[in-house]
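As the structure is a computational prediction, the values presented were derived from the model and not from experiment.
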Amino acid sequence: MDASRQRRVPLIGYSDRLSASAGDTIAFKLSATGAQRTTARPVRSWLMHCICADPNPQGPGIIERSAEQWYEDEEHDVVEQTFHAGSWGISPAVALPSETRGIELSATIWPTLLDGSQQCILSWGALALCINSDNSLSLHLGEQLLSLQKPLNERRWYRVDVILQRKGVQLEAILQQSLIDKPVPLNREARPVESMRASTVIDAERLDSLLGGAHSVVVAAQRSDEQLHSHYNGKLEAPCIQASIPLHDKAWSVSWDFARNMHSNTIEDCEGRDLPLTLHNQPARAMTASQWRGDEMCWRHAATQYAAIHFHDDDLVDVGWQTSFSFSIPEDMPSGIYVMRISDGEHEDAMPFFVCAPDGRPGNRICMLIPTFTYAIYGNHARPEWHPGWQQRITDWDAYPYNPAQYPGYGLSTYNYHSDGSGICHASHRRPLFNLRPGYSTFGESGCSGLRHFQADSHLWAWLDAMNLGFDVITDRELHDKGVACIAAYDVLLSSSHPEYHTMESLDALQQYRDGGGHLSYLGGNGFYWRIAIHPEQEDVLEIRRAEAGIRAWASEPGEYYQAFDGQYGGLWRRNGRPPQQLCGLGFSAQGEFNGSFYRRCNHDPEFDWVFRGIDSDIIGDFGLSGGGAAGFELDRADYRLGTPDNAAILATSENHGEDFILVPEEMLTHLTTLPGAPTSELLHANIIWFEVAGGGSVFAVGSITFCGSLPHNDFDNPVSRLLKNVVDHVLQAD
C-alpha cells in the first residue's frame, strides 16, 4: 500500500450530520494520533459562529464570533481511532455438512489492477482463492500455495474455480481458470475459450482442519485475526461455495446473485439458508457483468446482465469512529453557520455544521441554501496540480494546513480516481473532509483567494452580515427530506456560488418554491447540473454516475449510466429533461481557468433601472477575491430553447474572457458546429437575468461561480454589492 494512504493528521474529526435544528443532537467523532486508551489526549472544544472562512489577508479574513452562550467550553479525552479503507463482503458463519468430502470455491472476475499485490477473491476459513504477487491465480491452503503461474490480464473476464476433492486416501487440490468471452451476435464466430489448470496432492490428514468448523465467507478481501487485508480490485460476480457429498444427487451449496437487491448492502443467498452477504464501504453495484450484451442500458430491465459488483481497495464512505462528544441544539440558538473548534494545545481542527430554523418558524425573511450535497461530492478533492510549494502561502496566511493530496488515506472525492483508475462514484461526509474547513484554499498558487465551495460561499455570508441582513440557513438535505415546506415561508432564497448536485426531490422543492411565489436568487455558476441519488439504507452516502456529455472528471463505463441506489438514469439533469434553464433561466455554457472578468450592462430599459441604482458604469465586477473578477471560471448563459422563460430580461453579459475558456461538451456537435448553431465565441459568456413567474415568484440569476467573490471588495462598497443589495431590497419591499 502507498505509504501516503496511511499518513494521519495529528488531531482531526467529523460530525455525524452536517445540518440540524432545535432539539437535534450532533455527534462529533475525534481522533488524536498516538493517543491510547490509557494515555488519552485532553482536547478542548468550543463553538464559533462562522462569518467568513477566507484566509486571504487582502479580504475580510477569517471572521468568527463566539457562540459560548449556546455551548460552554468542554474538555474531552480523545484517543486515536483507526479505520480501514477497501470494500468487501462477508456472510455469517457457514458450516459445511458433516458428510462433506470435497469443496469447490468459484467466482467470475474482471480484475482492474494487477500490480503485484496479493488480492483475495473469495475465502472461507483457511481456504483463499487469490491473485498472487505474480498476478496469476492462486490457492492458499493455510501456509500452502498453489499457483497457475501465468499472469491474468486486466479488464478481461475469467471464471475461476478451486476444487478440493478425495483422490483415493489423499486430497487433491485443483485450481482452474477459464476465459469467459462476452456474448456476440449470432452471425459472428466467438473466440475459443481458453482454459488453464493446475493440481497438487496434499496430506489427507488435513482434510478435517480444512473442511471442518464454521467460517464466514469473505468476498473481495481476506480476514485474519479480525483484520482485513488483500483487497481485490475489480468486478466480481456469482461467488459460490459448493460441498460434494457422497450418494447425493445434488451438491450442497451457498451462493449469492449480485443481480438481487441492487439498491441494498445486503444480498440474500440464493438457496435461502439465511446466510446474507453484507457489503462494507460501498462497492459499486449495477455494474455490467460477464453476460452484458450491450443491447440493454438499464439494469432494471435486464438485471442478470448487471450481476457484477466493482470492489476497490480504497473505497471509503464511513470511517466509523466512536462519538467523542455530542451537542444538542438549544431551542433559542439562531439559524446559521457554526464551527465546532477543537484543540489539544498544539494542534487544532474545526468542524462546520449548519443550524436550520425549526420547521414553519423562520427567524428571518431571507434564507441561504447551503449545498451540502455538493460539499460532500467534492469532499477531499485532491487536485492533480498540488505540490508542496503551496505550503508557503498557507503558512503566510495562517490558512488550513492540510490537503487531501497529502493525506489520501481519508478517502478522496468523486473528482478523483480509485487506485485501479476507475472513477470514484460514491461520496459521504462521515469522514474528515479537509476542504470542508475554514481557511482551506483550493488553488494554492492563484493570484487571488483561490477558494471554492464552503470557503467561497462565506463571501456571501460575510456580505449578508456586513449589510445587516439577517438570514436563516437551510441545506439541500432538508429540501430532499422535507420538500418545499421547509423554505415556503421565506421571501428570499439565496443560492451559493456552486449548487451543482441535486436529487429529484431537492430540485422539485426549489421549483415549487419559485412557482409558489418565492424569490430565488441564483448567485453562482454551473448550478443544478448533475443528478445524484441517496442510498436508501445509508442516507449519508451519495451516488454519481458521470454519464454522457458534460465536463467530467471521469466517464462512466458504457452501460453503467443508471444509478444503483434508485435505478434512475444518472448524469446531467439536462440529459434527464431538466436543464437548469428551466429553474433559474441560466445553464452551464463555458469553463476556463480560475480567473474572472466583468459584466457589461446591456439592458437600459427604465423598467430595470432599480437593479442598477447607485451604479454609474456599465462595467460591473472587474475586481474580486475569486479570480479577480465577478464573471469567471464557470459561466452560465440564457438559452430559450432549453427553458429560459420568454419574459426573462437579460440585464448584463460578461465579456473579455481569455483563450483558456472553452464551450462545454454538451453544446458541441463537431469542432466547427455547436448545438445552438451560434459560433463558439458567442457562447462563451455569462448572463445576469431577471424574470417573474405566474405564481408571483421571481428569479435573479448571475451565472458565474466567481460572482460572490466580488462582494467583499472595498469593504463591501462596490457595484457588485450594490447590485445584489438592490435586488434583495426590491423583493423585500415588494412583499
* Asked: Is there a side-chain contact between Met287 and Tyr306, using heavy atoms and a 4.5 Å cut-off?
  -> no
* **Side chain proximity check, Trp573 to Met504, heavy atoms < 4.5 angstrom** => yes
* Asked: Would you say the side-chain atoms of Ser324 and Lys29 include a donor-acceptor pair closer than 3.5 Å?
  -> no
* Asked: Should the heavy atoms of other residues, nucleotides or ligands under 6.0 Å from CD of Glu385 be counted, would the total exceed 12?
  -> yes
* **Row check, Trp554 ring normal vs Arg546 NZ/CZ: under 6.0 Å, within 45°** => yes
* Flag side-chain contact, heavy atom, 4.5 Å: Val9 against Tyr410 -> yes
* **Arg452 bridged to Asp457 by N-O distance under 4.0 Å** => no
* To do: Could you tell me whether the side chain of Ser45 reaches within less than 4.5 Å of the side chain of Arg341, counting heavy atoms only?
  => no
* **Test: Arg7 cationic atom under 6.0 Å from Tyr407 six-membered ring centre, within 45° of axis** => yes
* Asked: Of Trp321, Phe28, Phe353, which is the lone residue that meets ring-ring contact (aromatic ring centres under 6.0 Å, His included) with Tyr14?
  -> Trp321
* Compare all side-chain heavy atoms of Phe327 with those of Ser15 and state whether any distance is below 4.5 angstrom. => no
* Asked: Is NZ or CZ of Arg393 both nearer than 6.0 Å to the six-membered ring centre of Trp397 and within 45° of the ring axis?
  -> yes
* If we ignore angles and hydrogens, is there a donor and acceptor under 3.5 Å between the side chains of Glu478 and Thr475? -> yes
* Asked: Which heavy-atom pair separates Leu412 from Asn416 by the least distance, and what is that distance?
  -> CB-OD1, 3.5 Å
* Can we say Arg383 and Glu445 salt-bridge, meaning some charged N sits less than 4.0 Å from an Asp/Glu carboxylate O? -> no
* Donor-acceptor contact below 3.5 Å, side chain Arg285 vs main chain Ser264 -> yes
* For Thr414 and His426, test the side chains for any donor-to-acceptor distance below 3.5 angstrom and give the result as yes or no. => no
* Salt bridge present between Asp566 and Arg300 (N-O < 4.0 angstrom) -> no
* Structure fact -> Only one of Leu460, Ile337, Asp472 passes side-chain contact (heavy atoms from CB on, under 4.5 Å) with Met368, and that residue is Leu460
* Asked: Is the distance between the ring centroids of Phe373 and Tyr501 under 6.0 Å?
  -> no
* Plane angle bin for His231 and His84 - parallel if under 30°, tilted between 30 and 60°, otherwise perpendicular -> tilted
* Return yes if a side-chain donor-acceptor contact under 3.5 Å exists between Ser328 and Thr25, otherwise no. => yes
* Asked: Could you give the distance from OG (Ser441) to CG (Asn56), rounded to the nearest 0.5 Å?
  -> 8.5 Å
* **Results of ring-ring contact (aromatic ring centres under 6.0 Å, His included) for His312 - residues two or more places apart only** => His310, His418
* Asked: Would you find a donor on one side and an acceptor on the other, under 3.5 Å apart, between the side chain of Asn380 and the backbone of Phe434?
  -> yes
* Any side-chain donor near an acceptor of the partner, Tyr378 and His498, under 3.5 Å -> yes
* Structure fact -> The reported gap from CG in Leu520 to CG in Leu583 (rounded to nearest 0.5 angstrom) is 6.0 Å
* Is there a donor-acceptor contact under 3.5 Å linking the side chains of Asp476 and Thr372? -> yes
* To do: Search all heavy atoms of Ser335 against all heavy atoms of Cys356 and return the closest pair with its distance.
  => OG-CA, 3.7 Å
* State, without any angle test, whether Ser428 and Asp318 hold a side-chain donor-acceptor pair at a distance under 3.5 Å. => no
* Looking only at non-hydrogen atoms, find the nearest pair between Leu625 and Gly59 and report the distance. => CD1-CA, 3.9 Å
* Do Asn435 and Thr442 have side-chain heavy atoms sitting under 4.5 Å apart? -> no
* Please report the shortest heavy-atom distance between Trp46 and Ile342, naming the atom on each side. => CZ3-C, 3.9 Å
* Evaluate the side-chain proximity of Arg477 to Leu18: yes if any heavy-atom separation is below 4.5 Å, no if none is. => no
* Asked: Should we count CG of Asp398 as having more than 12 external heavy atoms under 6.0 Å?
  -> no
* Asked: Do Trp461 and Phe471 have side-chain heavy atoms sitting under 4.5 Å apart?
  -> yes
* Audit row: Arg17, Asp24, salt bridge (Lys or Arg N to Asp or Glu O under 4.0 Å) steps and yes/no -> CA-CA 10 Å; Arg17 56 194 302 172; Asp24 293 332; 3.5 Å; yes
* Can you label the angle between the Tyr338 ring and the Trp70 ring as parallel, tilted or perpendicular, going by 30° and 60°? => perpendicular
* For Gln282 and Ser87, work out which heavy atoms get closest and say how close. => C-CB, 4.5 Å
* To do: Identify the heavy atoms of Leu279 and Ile309 that sit nearest to each other, and give their distance.
  => CD1-CD1, 3.8 Å
Using atom types as modelled, flag every donor-acceptor pair under 3.5 Å from a side chain in residues 523-536 to any protein atom, sequence neighbours excluded.
{"from": "Asn526", "atom 1": "ND2", "to": "Glu500", "atom 2": "OE2", "distance (Å)": "3.3"}
{"from": "Asn526", "atom 1": "ND2", "to": "Glu634", "atom 2": "OE1", "distance (Å)": "3.0"}
{"from": "Tyr529", "atom 1": "OH", "to": "Ile551", "atom 2": "N", "distance (Å)": "3.3"}
{"from": "Tyr529", "atom 1": "OH", "to": "Glu666", "atom 2": "OE1", "distance (Å)": "3.2"}
{"from": "Tyr529", "atom 1": "OH", "to": "Glu666", "atom 2": "OE2", "distance (Å)": "2.6"}
{"from": "Trp530", "atom 1": "NE1", "to": "Glu500", "atom 2": "OE2", "distance (Å)": "3.2"}
{"from": "Arg531", "atom 1": "NH1", "to": "Asn576", "atom 2": "OD1", "distance (Å)": "2.8"}
{"from": "His535", "atom 1": "ND1", "to": "Glu537", "atom 2": "N", "distance (Å)": "2.9"}
{"from": "His535", "atom 1": "ND1", "to": "Gln538", "atom 2": "N", "distance (Å)": "3.2"}
{"from": "His535", "atom 1": "NE2", "to": "His263", "atom 2": "O", "distance (Å)": "3.2"}

